[in-house]
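Working notes for the structure below.
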Amino acid sequence: MLSIYNTLSRKKEEFKPIDPNEVKIYVCGPTVYDYFHIGNARSFIMSDIIRRYLEYKNYNVKFVMNLTDVDDKIIKKSIEEKRSSNKVAEDYITAFMEDIAKLKIKKASVYPKATEHMTDIVDLIKALESKGYAYNIEGNVFYDVAKFKDYGKLSGKKTDDLEVGARIEINEEKKNPLDFSLWKKAKEGEPYWDSPWGNGRPGWHIECSAMSCKHLGETFDIHAGGNDLIFPHHENEIAQSEAAHDKKFVNYWIHFGFLNINNEKMSKSLGNFFTAREILKLYPAEAIRLAFAQTHYGGPLNFSDDLLASAQKGLEKLNNLTEKILEELKHAPAGGVLPDLEISEFKQNFESAMDDDFNTPQASAVIFDFVREVNKAISENQNLGAEFYSGLLEFLRKTAEGVLGILDIKSITDKEHGALESDLIELLIKLRTDAKQNKNYALSDKIRDELKALGVILQDSKEKTTYKISKN
RNA sequence: GGCGCUGUAGCCAAGCGGUCUAAGGCGAAGGUCUGCAAAACCUUUAUUCGUCGGUUCGAAUCCGACCGGCGCCUCCA
């Protein structure tokens, strides 16, 4: 049984999708005015793991991530760079897709863009207006927060408290400082769309309400995003969608903790960020994913080089074992020995960890327990059967690779060199082994050193010498 | 001021009433293997969970106070 911590109730709840076979998820995607940073990547990666686990559990997952491609920041950037805001958005969408792919994040079912949903957005605002939740002041349309009695139910805020403590700039036009823009009147030089209130563009919050409804329906299962979106963004989405449709908007709200740097939130405005692409030049996606998976998604995580370095180090263990399994699978006899190791137990532990509000730290601990126990079994037994090894591989394929995305079996299979190269290396190893047997250590060490200089690392074990290509 | 998160070994981090003399990763120390080395693998590594009280047969886990870190209330994943 899967349980999920729901921000709405502040409790773990049993997960029951509306349709028993299909899960509908909406995750707030990027505003495409820049490369996304590694803190944003945490939300994307964690929502990817959630999605993958639901698929592991045989749900059909409809996963929607919006792209905000019209916004103040994009306009600002387009002015700075003297090119159309369309072009700015387009370029960063391309970059976004590249980075997402490098992080091994599965593609969403749909990436709806705000600019392609103007009709839906306008219709939604019209519906709110006709129900008395919106008011128009000279082409600027605002949501009337006072009309929505449940306002604050997600963030736990009371409108009174907000009014007292808020640092909201008083806008003379608005009835209430909490009211937010649904439609912004176009200013000189800005992109605009036609609407019943005149030329303008949508506010940020309404996009998500309109697009989630369009692609997932008026009520759907899971809505996820960063902690900082709880208020006001998600609160406003609820206000818009529930006021317009008179039904519950979302059943489960999931929020991700921040990635901090020196215990401070990583953010564009503080300037203390690294882009995901920078980090991807230093570490493989698997290391980044493991580093994130080793902390629960809801808590804060302090980002550092050390964090990624130790994750990468840990990953080598997993890769070594996988490599060993693949190697053994080539020779292992059918019907060989089956050691006393219950793969099903690890599978069960993995599932119960993930079932408990996606406890990825526990789940990755299960993977490492598995690695240790398998290594032990391999060293204690001889002549292990092919059936055993393929069972191991199957487990890793489904869990470490399939759900957590911390293993890439194919990259281990595809050695980065051709058949000729591997034959030549094998030849040198053979010559070195002969030299060793003749106790010509000067020569054997020379071969080892020269190969190392070329990035080929030899590893002697009892029966044979193997090699590894080190990536520079 | 309001709302929320958080404090567990040298570092990162699960656990949230008994199976905890507390997972897992990094690091460190031993060991196996080896001509040597490297790698790999194995083993060990917190009687203790910010502090002080309380509840309980029993608390890292619940309650209270205090101390410390962070975030949201303005765009932000």
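In what follows, chains are A, B, ... by sequence order, proteins preceding strands, each numbered from 1.
Contacts of Arg432(A) with the nucleic acid, taken as non-hydrogen atoms under 4.0 Å apart, include base atoms. Leu290(A) comes within 4.0 angstrom of nothing in the nucleic acid, heavy atoms only. Using a 4.0 Å heavy-atom criterion, one finds that Ser379(A) contacts no nucleic acid atom at all.
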Let me have the donor-acceptor pairs involving side chains of residues 376-384 of chain A, under 3.5 Å, with sequence neighbours excluded, atom names and distances please.
unit_1, atom_1, unit_2, atom_2, d
Ser379(A), OG, Asn375(A), O, 3.4
Ser379(A), OG, Lys376(A), O, 2.9
Asn381(A), ND2, Ala377(A), O, 2.8

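Contact check on Arg448(A) versus Asp445(A) returns a salt bridge, with a Lys/Arg side-chain nitrogen under 4.0 Å from an Asp/Glu carboxylate oxygen. Ion pairing between a basic and an acidic side chain is recognised when a charged N comes within 4.0 Å of a carboxylate O; Arg201(A) and Asp72(A) show such pairing.
Outside the 6.0 Å centre-distance limit, the rings of His223(A) and His255(A) are not counted as a close aromatic pair. Between His205(A) and His234(A), the gap from one ring centroid to the other reaches at least 6.0 Å. Phe36(A) and Phe44(A) have their aromatic ring centers within a separation under 6.0 angstrom.
For G25(B), one of the phosphate oxygens OP1 or OP2 lies less than 4.0 angstrom from a side-chain nitrogen or oxygen of Lys317(A). For C12(B), neither phosphate oxygen OP1 nor OP2 lies less than 4.0 angstrom from any side-chain nitrogen or oxygen of Asn302(A). A close approach under 4.0 Å does occur between a side-chain nitrogen or oxygen of Lys265(A) and OP1 or OP2 of C72(B).
Judged as a side-chain contact (heavy atoms from CB on, under 4.5 Å), and not counting sequence neighbours, the contacts of Ser181(A) are Phe142(A), Lys184(A).
Across the strands present, U47(B) finds no partner; the criterion is a Watson-Crick or G-U wobble pair with both atom distances under 3.5 angstrom. Of the nucleotides present, C70(B) is the one that pairs with G4(B) by Watson-Crick or G-U wobble criteria, both distances under 3.5 Å. Pair check for G18(B) finds C57(B); Watson-Crick or G-U wobble, both atom distances under 3.5 Å. If you check C41(B) for Watson-Crick or wobble pairing at under 3.5 angstrom, you find it paired to G31(B).
Between G17(B) and A60(B), the two C1' atoms lie 11 Å apart (nearest whole Å). Only the C1' atoms considered, G10(B) is 9 Å distant from A28(B), to the nearest whole Å. To the nearest whole angstrom, the two P atoms, one in C3(B) and one in G50(B), are 25 Å apart. Comparing the C1' positions of U74(B) and A65(B) gives an interatomic distance of 35 Å, to the nearest angstrom. Taking atom P on both C72(B) and A39(B), the two are 44 Å apart, rounded to the nearest angstrom.
By the stacking rule of 5.5 Å between ring centres and under 30° between planes, Phe256(A) does not stack on the base of A77(B).
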Does the side chain to side chain donor-acceptor pair (under 3.5 Å) test come out yes or no for Thr465(A) and Asp460(A), once each step is laid out? CA-CA 4 Å; Thr465(A) 300; Asp460(A) 291 340; 3.0 Å; yes
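One side chain, Asn66(A) or Thr68(A), offers a donor N or O that lies under 3.5 Å from an acceptor on the other.
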Using atom names, set out every protein N or O paired with an N or O of nucleotides 4-11 of chain B below 3.5 Å, distance rounded to 0.1 Å.
none

What are the atom names and distances for every N/O pair under 3.5 Å that joins the protein to nucleotides 27-30 of chain B?
unit_1, atom_1, unit_2, atom_2, d
G27(B), OP1, Lys313(A), NZ, 2.8

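Among Leu301(A), Asn302(A), Asn272(A), the single residue meeting the side chain to side chain contact (heavy atoms under 4.5 Å, CB included) criterion with Met266(A) is Asn272(A). Partner Asp48(A) forms a side-chain hydrogen bond (donor to acceptor under 3.5 Å, both in side chains) with one of Lys107(A), Arg289(A), Lys104(A) and no other, that one being Arg289(A).
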Could you write nucleotides 17-23 of chain B as a row of B, S and -, 5' to 3', where a protein heavy atom under 4.0 Å of any base atom gives B, of only sugar-phosphate atoms gives S, and otherwise -? ------B
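Contact check of residues 37-45 of chain A against RNA chain B (heavy atom, cut-off under 4.0 Å) returns His37(A), Gly39(A), Asn40(A), Ser43(A).
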